[in-house]
> 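Encoded as structure tokens, here's the structure I'll be asking about.
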Amino acid sequence: SVDQPNPGNVYNIVDDCPASRDEVLKYSLELSKSKASASSAGTRDATGQRAFEEKRVSNRKIKDELGFVLRYPTYAEGMAGILSGSIDPFDEKALQ
């Protein structure tokens, strides 16, 4: 934590809902009521293969060691928050 730092530690800052780029893009298009399609956004190459490598990572360490509490724990909640005008991802307790 800030009070007891662990120099050299790496913390993943990700949400609680692992999802593919395609899932996130599809949800964002639905949420924004965009007429674009997920396939038109270029997440796949010409052969239909994924254009980007995807990894699953955990935020457990930043929560356990630093006590972080995300205001928007999933990408869906975060995107809805952005559309409502909020861009602050952390709960105030996490910043104390």
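Here the structure is a predicted model, which means the values were calculated and not measured.
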> Which pairs with one or both residues in residues 72-85 pass salt bridge (charged side-chain N to carboxylate O under 4.0 Å, His left out), sequence neighbours excluded?
none
> Give, for atom OH of Y11 and atom CG of N9, the distance between the pair rounded to the nearest 0.5 Å.
4.0 Å
> Measure the spacing between CG of L25 and CD of E30 and express it to the nearest 0.5 Å.
10.0 Å
> What pair of heavy atoms forms the shortest contact from M79 to S28, and how long is it?
SD-CB, 3.6 Å
> Measure the CG-CZ distance between N59 and F68 for me, rounded to the nearest 0.5 Å.
11.0 Å
> Mind checking side-chain contact (heavy atoms from CB on, under 4.5 Å) for D64 and listing every partner two or more places apart, or none if nothing turns up?
R60
> Which heavy atom of T74 sits nearest a heavy atom of D15, and at what distance?
C-OD2, 3.2 Å
> Verify the cluster assignment for V14 and V69: are they in a single hydrophobic cluster under the rule of side-chain heavy atoms below 4.5 Å apart?
no
> Could you tell me whether the side chains of E23 and Y75 share a donor-acceptor contact shorter than 3.5 Å?
no
> Quick one: CG on D16 to CG on L70, what's the gap to the nearest 0.5 Å?
6.0 Å
> Given a cutoff of under 4.5 Å between side-chain heavy atoms of I, L, V, M, F, W and Y, with clusters grown through shared members, what are the other residues clustered with V10?
none
> Would you find a donor on one side and an acceptor on the other, under 3.5 Å apart, between the side chain of N12 and the backbone of S58?
yes
